[in-house]
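Every heavy atom of this structure was used, including side-chain atoms; hydrogens, water molecules and symmetry mates were not. We count residues from 1, following the sequence as given.
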Amino acid sequence: MYFETKQNFMSYPFKINSLEAYNKAREQSVKDPEGFWAEIASSFLWKKRWDTVLNWNFKEPKIEWFKGGKLNITENCIDRHLGTLSNKPAIIWEPNDPDENHRVLTYRDLYNKVIQFSNVLKNNGVKKGDRVCLYMGMVPELAIATLACARIGAVHSVIFGGFSAQSIADRLQDAQAEYIVTCDGAYRGNKEISLKAVIDDALVQCRFVKKVIVLTHTRTPISMIKGRDVWWEDEIKKVETMGNPDCPAEEMDAEDPLFILYTSGSTGKPKGVVHTVGGYMVYTTYSFVNVFQYTPGDIHFCTADIGWITGHSYIVYGPLGAGATTLIFEGIPTWPDAGRFWDVVDKHKVNILYTAPTAIRSLMGFGLEPLVGKDLSSLKVLGSVGEPINEEAWHWFDEHIGKKRCPIVDTWWQTETGGILISNMAGITPSKPSYATLPLPGVQPVLVDENGMVIEGNNVSGNLCIKFPWPGMLRTTYGDHDRCRTNYFATYENLYFTGDGCYRDATGNYRITGRVDDVLNVSGHRIGTAEVENAINMHAGVVESAVVGYPHDIKGQGIYAYVIYDNTHDDDNLTRLDINQTVSRIIGAIAKPDKIQFVKGLPKTRSGKIMRRILRKIAEGELENLGDTSTLLDPSVVEEIKQGRV
Ligand code: WTA
C-alpha cells in the first residue's frame, strides 16, 4: 500500500514563489523544523509513512530523518511521473562530438532501461546493501546504472573518471565494493580515455571484486577476463530473453544508505561521505525546484560531472525527483571550440544553465567571438557552484550569457551537505555578485570565532557552521563513524563545521571566502594538500614536500609544491615532469602540481611543524610581511625559498 499524496506533485506544493513566502518559510523552518520538513516530505511517494521526523544529536553524531518511513527513491524519480510525463524527456544526452546524434530518453524509456539494468545487476549477484562502484564517462548509462543501484537497494559509489587506478583501488577497498560498472573508454574533447584499462590496473590489488560490467562506448580494444568481466550489452540481451520482466523497487528505510561519495579533507585519505535515501531525496528535489525556480517543461543543463556531488544532486536525483528534463553533456566547454556550451544551449533550448566559475573564467578568455550567432534567448536562470565566483566572472556571465535578464544563483554547498544550503532563489530573493546570499529555509548558519564563540550581528567574519540538521546532510563516513565526528562535529561543540571561512554583510548576506583548512579548490575540485604531499613523497628521491594553494586566474587555486629532493639531478624540469607522473599515478591528473619549487629545507618550528602560512604567502608572491618567523628552527631557509620562487 502506498501512502498517497494529497496534492498533484507536479504543482510542487513546496515551491516558494515570492520573497514574502521565502521569509515565511524560513521563519517557520526555524520555529518548527519537524513540521516544516514533514509537510514537504508528504508530497513524495512513501510506501509507509515515517515514525519520527527527526532524531538527532551532533555529539555522536546521530542524524535520522523520517526514520521508519519506507520508500524507494527511483519510484519518486521515475515511476510516479509515468502517469503524466511518460513521453516527456527525462534525459537529453549531448555527445562529446557535435557531429554525432544526441539521444533523448523519455520517462518511459528511462523506466524501461533502469528496470533492465536493475535485473542485470541482480543476475550478476548484486544484492541490497552491496556496494557498486561506477567508473564511467558522462553517458546516459551512468545515470541509468546509478538509478538501477538505487532501485535494488545497492549502494553506489561513483568515481570521477579522472582518478587513477591507485585511487580507485583505495576506494574499492575502503567500501569493499565487489561490483564495478565501467565503460571501455570515454571521450573528452579530442582525447579518448581508456577507463577499463584503469580498472584493470586497480583490480590487480583488489582480488575481492567479483564482477565488472563493461559498457561499449569507444570500442577501444580492452582485456576481458573470463568469469569476471562481462559486456553490458550481452547482459541486457540475457534480461531481454527472460521476457519483459519487471523489477519491483526494493523497500528501503529512509535511513538506509543511498550512496557513498569520496571527498578530500585535511588528512591524506579521502573520506567516503554517506547519504541516505529519504532525507537526500527530499532535500535535493526541494532545493532544485526552489533555487532554480524550476517550472515543468524547463530544460535544465548542469555542466558538472556525475562523478561529483553536483552531478549526483542536480543532474540525477534533484531534477528527476521533480520530473524535470535534465541534460547530460559528455564533452568539454572548449572542444571543438570555445562555443560548445553555447551551441548546446542553442540546440536544446536550455532554460537553466548551472556551471562553475572556472568554466566561466576559461571561456571569458576566448572573448565574445564564440558567442556570435548563438541564440541564448531560451535561458531563464544561470547558476554557479563549486568555488567563490569573482565579480568579473559574475558580470561577464550576467551580461554576455544571461543578457542581464537571467538571475544568477550563486549556490554554496558541499559533498557533505547533499544539496544547496546557501543561495539566492532565482528571481525571488535578491542576488549580490560574489555572495551566496541567504540560507535556504531549514538551514541555520552561524559564524564562530577560533574558540567556537558564536559571532552575532552583521558585518562580521568567521568560520561557517550549521547549528541544526537538514535532511540532506551526511550521516557518517563509510566504515569509520568516528572520523565523521572528528572531522565535522568535534571542532565546535554542537555545530556542524563546514571548513569554510565566511563573511556576513550588513544585511545578513553570506559571502564564502574559501577553505580555512588544508583543502584546495582547484577548478572546483576538492583536493587535500596532505593527499598531494603523500603522492609526491612516494616519488623516488623526494625527501619531503609541502603543498599549498595560490591564486590562479582560471582554476581559482593552483597547486604549489615545495620539494626537498635528494638525488643529484641535472634537469629540474624533467624531474618536475617525473614527479607529476607519480602524482597522476597515485591520485590522478587533476592533482598534478602547477608549480614545483626545489628547496633545501622547509620552514619548521622547533617542534617540527611546517609553517604553511609562510609558504602560502611566498606562493602567492607576497614576499614581504611574512609575519613572525622568530619561532622557526632555521629562519635562513625562508630567504632561500624566497629567492628560488617559481
Ligand atoms: C566550495 C561542491 C564559494 C567551498 C558542491 C566548499 C563554494 C567546497 C561554493 C565544497 C560557492 C562550493 N561559493 N565556495 N558557491 N560552492 N564552494 O564538496 O569551499 O566538491 O566547502 O562540493 O567548495 O566542495 P564539494
Asks: What heavy-atom pair brings Val126 and Ala154 nearest, and what distance separates the two atoms?
Replies: CG1-CB, 3.8 Å
Asks: Between Asp79 and Arg151, does any side-chain N to carboxylate O distance fall below 4.0 Å?
Replies: yes
Asks: So how far is it from Phe288 CZ to Cys302 SG, rounded to the nearest 0.5 Å?
Replies: 9.5 Å
Asks: Does a side chain donor of either Glu387 or Gln557 reach within less than 3.5 Å of an acceptor in the other side chain?
Replies: no
Asks: Out of the candidates Phe341, Trp394, Trp396, only one should pair with Ile360 under the side-chain contact (heavy atoms from CB on, under 4.5 Å) rule; please name it.
Replies: Trp396
Asks: Can you see which heavy atom on Ala165 is nearest to which on Ala202, and at what distance?
Replies: O-CB, 3.4 Å
Asks: Quick one: CG on Asp337 to CD on Glu369, what's the gap to the nearest 0.5 Å?
Replies: 9.5 Å
Asks: Closest heavy-atom contact between Gly321 and Thr285?
Replies: CA-OG1, 3.6 Å
Asks: Test salt bridge (charged side-chain N to carboxylate O under 4.0 Å, His left out) on Arg219 and Glu233; report intermediate values, then the result.
Replies: CA-CA 12 Å; Arg219 201 52 192 98; Glu233 294 77 11; over 6 Å; no
Asks: Just to verify, what does Lys237 make a salt bridge (Lys or Arg N to Asp or Glu O under 4.0 Å) with, not counting sequence neighbours?
Replies: none
Asks: Just by distance, do the side chain of Arg108 and the backbone of Ser86 share a donor-acceptor pair under 3.5 Å?
Replies: no
Asks: State whether a side-chain donor-acceptor pair under 3.5 Å links Thr303 with Thr355.
Replies: yes
Asks: Is a salt bridge present between Glu75 and Arg80, judged by a nitrogen-to-oxygen distance below 4.0 Å?
Replies: no
Asks: Does the pair Val273 and Ile260 meet the rule for a side chain to side chain contact (heavy atoms under 4.5 Å, CB included), with working shown?
Replies: CA-CA 5 Å; Val273 168; Ile260 305 171; over 6 Å; no
Asks: One pair to check against side chain to side chain contact (heavy atoms under 4.5 Å, CB included): Leu261 and Phe259. What are the steps and the verdict?
Replies: CA-CA 7 Å; Leu261 186 56; Phe259 65 85; 3.9 Å; yes
Asks: Among Val239, Asn123, Ile152, which residue satisfies the side-chain contact (heavy atoms from CB on, under 4.5 Å) criterion with Ser118?
Replies: Ile152
Asks: Name all residues meeting the salt bridge (Lys or Arg N to Asp or Glu O under 4.0 Å) criterion together with Asp170; count only those two or more places apart in sequence or in a different chain, and write none if there are none.
Replies: none
Asks: Centre-to-centre under 6.0 Å for Phe329 and Trp93, is that the case here?
Replies: no
Asks: Could you tell me which residues satisfy side-chain contact (heavy atoms from CB on, under 4.5 Å) with Thr218, sequence neighbours excluded, listed by chain and number?
Replies: Asp184, Tyr187, Glu192, Thr220
Asks: Hey, could you give me the CZ/CG distance between Phe397 and Leu363, rounded to the nearest 0.5 Å?
Replies: 9.5 Å
Asks: Among Val214, Ile213, Val212, exactly one meets side-chain contact (heavy atoms from CB on, under 4.5 Å) together with Ile180. Which residue is that?
Replies: Val212
Asks: Ignoring hydrogens and angles, tell me if any N or O in the side chain of Thr415 forms a donor-acceptor pair with the backbone of Thr263 under 3.5 Å.
Replies: no
Asks: Which residues pass the salt bridge (Lys or Arg N to Asp or Glu O under 4.0 Å) test with Lys432, sequence neighbours left out?
Replies: Asp505
Asks: Measure from the ring center of Tyr317 to the ring center of Tyr280 and say whether it is less than 6.0 Å.
Replies: yes
Asks: Quick check against the 3.5 Å criterion: does His348 have a side-chain atom that pairs as donor or acceptor with the backbone of Val350?
Replies: no
Asks: Measuring only between side-chain heavy atoms, which start at C-beta, is Ile401 closer than 4.5 Å to Leu376?
Replies: yes
Asks: With side-chain contact (heavy atoms from CB on, under 4.5 Å) as the test, pick out the partner of Val316 among Ile328, Thr326, Leu147, Ile91.
Replies: Leu147
Asks: For Thr325 and Pro89, indicate whether the former's side chain and the latter's backbone hold a donor-acceptor pair under 3.5 Å.
Replies: yes
Asks: Give a yes or no on whether the backbone of Asp410 and the side-chain of Asn424 come within a donor-acceptor separation of less than 3.5 Å.
Replies: yes
Asks: Could you tell me whether a side-chain N or O of Asn290 sits under 3.5 Å from a main-chain N or O of Tyr286, the two making a donor and an acceptor?
Replies: yes
Asks: Between Gly418 and Trp413, which heavy-atom pair has the shortest distance, and what is it?
Replies: O-CZ3, 3.3 Å
Asks: Donor-acceptor pair, Asp298 side chain versus Thr295 backbone, under 3.5 Å?
Replies: yes
Asks: If the threshold is 4.0 Å, N to carboxylate O, is there a salt bridge linking Arg228 and Asp200?
Replies: yes
Asks: Short question: side chain of His312, backbone of Trp308 - any donor-acceptor pair under 3.5 Å?
Replies: yes
Asks: Show the nearest heavy-atom pair for residues Ala393 and Met364, with the distance to one decimal.
Replies: CA-SD, 3.6 Å
Asks: Rounded to the nearest 0.5 Å, what's the gap from CD1 on Ile420 to CD1 on Ile422? Could you check?
Replies: 11.5 Å
Asks: Roughly how far, to the nearest 0.5 Å, is CG of Leu382 from CG of Asn351?
Replies: 11.5 Å
Asks: Identify all side-chain donor-acceptor contacts of residues 133-145 below 3.5 Å with residues at least two apart in sequence or on another chain.
Replies:
unit_1	atom_1	unit_2	atom_2	d
Tyr135	OH	Gly161	O	3.1
Tyr135	OH	Phe163	O	2.9
Glu141	OE2	Arg103	NH1	3.3
Glu141	OE2	Arg103	NH2	3.4

Asks: Could you tell me whether Lys380 atom NZ has more than 12 heavy atoms of other residues or ligands within 6.0 Å of it?
Replies: yes
Asks: To the nearest 0.5 angstrom, please state how far the CD1 atom of Ile73 sits from the NE2 atom of His275.
Replies: 11.5 Å
Asks: Parallel, tilted or perpendicular, judged at 30° and 60°: which one describes the rings of Tyr354 and Phe292?
Replies: perpendicular
Asks: Run the ring-ring contact (aromatic ring centres under 6.0 Å, His included) check on Tyr314 and His300 step by step: do they pass?
Replies: CA-CA 9 Å; Tyr314 300 111; His300 172 79; 7.4 Å; no
Asks: Any salt bridge linking Glu330 with Arg340? Criterion: basic side-chain nitrogen under 4.0 Å from a carboxylate oxygen.
Replies: no
Asks: Should the pair Lys211-Glu235 be classified as a salt bridge under the 4.0 Å nitrogen-to-oxygen rule?
Replies: no
Asks: Between Arg361 and Asp553, does any side-chain N to carboxylate O distance fall below 4.0 Å?
Replies: no
Asks: Donor-acceptor pair, distance only, cut-off 3.5 Å: does the side chain of Thr411 make one with the backbone of Ser384?
Replies: yes
Asks: Heavy-atom count around Gln581 CD within 6.0 Å, excluding the residue itself: above 12?
Replies: no
Asks: May I ask you to say whether Asp398 pairs ionically with Lys403, meaning some side-chain N is under 4.0 Å from a carboxylate O?
Replies: no
Asks: Is the NZ or CZ atom of Lys595 both under 6.0 Å from the centre of the six-membered ring of Tyr550 and within 45° of that ring's axis?
Replies: yes
Asks: Would a distance-only check, ignoring hydrogens and angles, find a side-chain to backbone donor-acceptor pair under 3.5 Å from Asp109 to Leu105?
Replies: no
Asks: If you take all heavy atoms of Lys88 and Gly297, which pair is closest and at what distance?
Replies: NZ-N, 3.5 Å
Asks: Just wondering, more than 12 heavy atoms not from Arg515 lying within 6.0 Å of its CZ?
Replies: yes
Asks: Mind checking salt bridge (Lys or Arg N to Asp or Glu O under 4.0 Å) for Lys555 and listing every partner two or more places apart, or none if nothing turns up?
Replies: Asp594
